[in-house]
Colleague: 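Pasting a structure below so you can have a look.
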2 protein chains.
Amino acid sequence: MSEKDDFALREFLPFLLNQAAEESSLSFQKVYRDRYGMLRTEWRVLFHLGNYGEMTAKEISKRAMIHKTKISRAVQKLSEKRFVSRLRDENDRRSEHLSLTPAGEVAYRDLREVAEDYDRKLSAQFTKEETVLLRKMLSRLAGLE
Amino acid sequence: MSEKDDFALREFLPFLLNQAAEESSLSFQKVYRDRYGMLRTEWRVLFHLGNYGEMTAKEISKRAMIHKTKISRAVQKLSEKRFVSRLRDENDRRSEHLSLTPAGEVAYRDLREVAEDYDRKLSAQFTKEETVLLRKMLSRLAGLE
DNA sequence: CGGTAATAGTTGATTTTGTAACTAACAAGG
DNA sequence: CCTTGTTAGTTACAAAATCAACTATTACCG
């Protein structure tokens, strides 16, 4: 089964990005799913709160580029799991300040360690300069700068 | 709102990969959706058949790392649209050989062109050496080598 | 052979996501 | 104040993905 023409799907950036993203998510996903029954969005929200501290859903949405409905549902789940506490802003009663509970902190620290190990493992395939460049290029492609 | 510690989510490779993948899929998705009413999986199947020629669902599944139920449904849709023809293998009547119809070829060539343009546009953000390296790194991360 | 296991692909039930419309709270101009 | 517009977050309904169970066919092995 040889290629029919000169367009190489395996060179197509969106394809490569998707494959790499999927592959790199898989093994990590298993951890937060099995250990804490979390979905990807929940994990991301947890990480944002753990990483940047208290913030509102809106802020997470903006930072993580996740749609507000996903955030809303993730926060509900995380709140049910007692990982996140919600505090209504008394000056602007539309918004809520979200933060990690002690249990949420524990989960965050645990998962962060796994994440760091995993990131190191991925990066170890390349030279230091290469991974620096990779991150920079991905940031650009992701529209994060 | 300052960072609480030194782990940066925005540096975490799986996060960056996902964001970059999502972002890069978005604008392209619009094309195959609007022009041919295709879903992402359908597009991928079409591209695999166009790019590598006739193969079975199983082979596509393996190559593209797409689950067989997704493939099954995508093939149904593509077959309804008369983009893909299905031919049962007479030696092993469980499997089907899938290939593009002439109409499928036309759609494939059209979309491939858009894809190539888009890829060039993405690549243009970086130097030639950088994109070569990027592709290589993504291939490695995707487990394609 | 005959029975069990394996494989290709499909289908159905359950989750999860996406889109749009909605509620509640605030803002600003007249 | 009152209307109109905006914003934070939720909810409802449709679309899609996931997971498990299923059919049909072939392979393996005593």
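In what follows, chains are A, B, ... by sequence order, proteins preceding strands, each numbered from 1. All values below were derived from every heavy atom in this structure, side-chain atoms included, with hydrogens, water molecules and symmetry-related copies excluded.
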Colleague: Measure the distance from CD1 on Ile66(B) to P on dA16(D) and round it to the nearest whole Å.
Modeller: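 So the two atoms are 15 Å apart, to the nearest Å.
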
Colleague: May I have the distance from Glu90(A) (atom CD) to dA8(D) (atom P), rounded to whole angstrom?
Modeller: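 Distance, rounded to whole Å: 17 Å.
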
Colleague: Hey, quick one: are Tyr36(B) and Leu39(B) part of the same hydrophobic cluster, counting side-chain heavy atoms closer than 4.5 Å, chains of contacts allowed?
Modeller: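 Different hydrophobic clusters.
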
Colleague: Would you mind reading off the distance between Asn18(B) atom CG and dT17(C) atom C1', rounded to a whole angstrom?
Modeller: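 Computing the Asn18(B):CG to dT17(C):C1' distance gives 15 Å.
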
Colleague: Are Leu134(B) and Leu144(B) connected in a single hydrophobic cluster, I mean Ile/Leu/Val/Met/Phe/Trp/Tyr linked by side-chain heavy atoms less than 4.5 Å apart?
Modeller: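 Shared cluster, yes.
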
Colleague: Between dA21(C) atom P and His67(A) atom NE2, what is the distance in whole Å?
Modeller: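 In whole Å, dA21(C) P and His67(A) NE2 are 13 Å from each other.
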
Colleague: Would the base of dG12(C) count as contacting Arg73(B) through its side chain, where contact means a donor and an acceptor less than 3.5 Å apart?
Modeller: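 Answer is yes: a donor-acceptor pair is held.
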
Colleague: With heavy atoms under 4.0 Å as the rule, sort Arg33(B) into base, sugar-phosphate or nothing.
Modeller: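 Result for Arg33(B) = nothing.
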
Colleague: Taking all heavy atoms of Leu141(A) and all of Gln125(B), pick out the closest pair and write down the distance.
Modeller: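 Nearest pair, atom of Leu141(A) first, then Gln125(B): CD2-OE1, 3.4 Å.
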
Colleague: For residues 16-26 of chain A, please give each side-chain donor-acceptor pair under 3.5 Å, one per line with the distance, not counting sequence neighbours.
Modeller:
unit_1	atom_1	unit_2	atom_2	d
Asn18(A)	OD1	Arg40(B)	NH1	3.0
Asn18(A)	ND2	Pro14(A)	O	3.0
Asn18(A)	ND2	Ser25(B)	OG	3.0
Gln19(A)	NE2	Ala64(B)	O	3.1
Ser24(A)	OG	Ala20(A)	O	3.2
Ser24(A)	OG	Ala21(A)	O	3.1
Ser25(A)	OG	Ala21(A)	O	2.9
Ser25(A)	OG	Asn18(B)	ND2	2.7

Colleague: Mind calculating the distance between NZ (Lys62(A)) and C1' (dA8(D)) to the nearest angstrom?
Modeller: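 Distance, rounded to whole Å: 14 Å.
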
Colleague: Please list, for nucleotides 2-9 of chain C, all pairs of protein and nucleotide N/O atoms separated by less than 3.5 Å.
Modeller:
unit_1	atom_1	unit_2	atom_2	d
dT7(C)	O2	Arg94(B)	NH1	2.8
dA8(C)	OP2	Lys58(B)	NZ	3.3
dG9(C)	OP1	Glu96(B)	N	3.1
dG9(C)	OP2	Lys58(B)	N	2.7
dG9(C)	N7	Lys68(B)	NZ	3.1
dG9(C)	O6	Lys68(B)	NZ	3.1

Colleague: When the nearest nucleotide of DNA chain C is assigned to Thr69(A) and to Leu39(A) on a heavy-atom basis, which residue is associated with the more 5' position?
Modeller: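 It is Leu39(A), whose closest nucleotide lies nearer the 5' terminus.
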
Colleague: Is any side-chain nitrogen or oxygen of Lys70(B) closer than 4.0 Å to OP1 or OP2 of dT18(D)?
Modeller: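 So the side chain of Lys70(B) is within the cut-off, an N or O lying under 4.0 Å from OP1 or OP2 of dT18(D).
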
Colleague: Would you mind classifying the nucleic acid contact of Ile71(A) as base, sugar-phosphate or nothing, using non-hydrogen atoms under 4.0 angstrom?
Modeller: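 Answer is nothing: Ile71(A) stays at 4.0 Å or more from every strand.
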
Colleague: Expressed in angstrom and rounded to an integer, what is the separation of Met65(B) atom CE from dA17(D) atom P?
Modeller: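 Value for this atom pair: 16 Å.
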
Colleague: Specify the separation, in whole Å, of atom CG of Leu26(A) and atom C1' of dT18(D).
Modeller: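 Leu26(A) atom CG is separated from dT18(D) atom C1' by 13 Å.
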
Colleague: Set out, in order, the CA-CA distance, both residues' side-chain angles and the distance that settles salt bridge (charged side-chain N to carboxylate O under 4.0 Å, His left out) for Arg109(A) and Glu113(A), then state yes or no.
Modeller: CA-CA 6 Å; Arg109(A) 286 182 194 290; Glu113(A) 194 137 329; over 6 Å; no

Colleague: Below 4.0 angstrom, N of the basic side chain to O of the carboxylate: do Glu116(B) and Arg120(B) qualify?
Modeller: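 Looking at Arg120(B) together with Glu116(B), the answer is no, because their closest N to O distance does not fall below 4.0 Å.
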
Colleague: Rounded to the nearest angstrom, tell me the gap between atom CZ in Arg44(A) and atom C1' in dT17(C).
Modeller: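 The distance from CZ of Arg44(A) to C1' of dT17(C) comes to 14 Å, rounded to the nearest Å.
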
Colleague: Is the ring centre of Phe28(B) less than 6.0 Å from the ring centre of Phe12(A)?
Modeller: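 Yes.
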
Colleague: Taking only side-chain N and O atoms of Arg93(B), does any of them lie within less than 4.0 angstrom of OP1 or OP2 on dT23(D)?
Modeller: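 Arg93(B) to dT23(D) OP1/OP2: no side-chain N or O under 4.0 Å.
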
Colleague: So Asp89(B), base contact, sugar-phosphate only, or nothing? Heavy-atom distance under 4.0 Å.
Modeller: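 Result for Asp89(B) = nothing.
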
Colleague: Answer yes or no: does a side-chain N or O of Gln76(A) lie under 4.0 Å from OP1 or OP2 of dT11(D)?
Modeller: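 Yes, Gln76(A) has a side-chain N/O under 4.0 Å of OP1/OP2 on dT11(D).
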
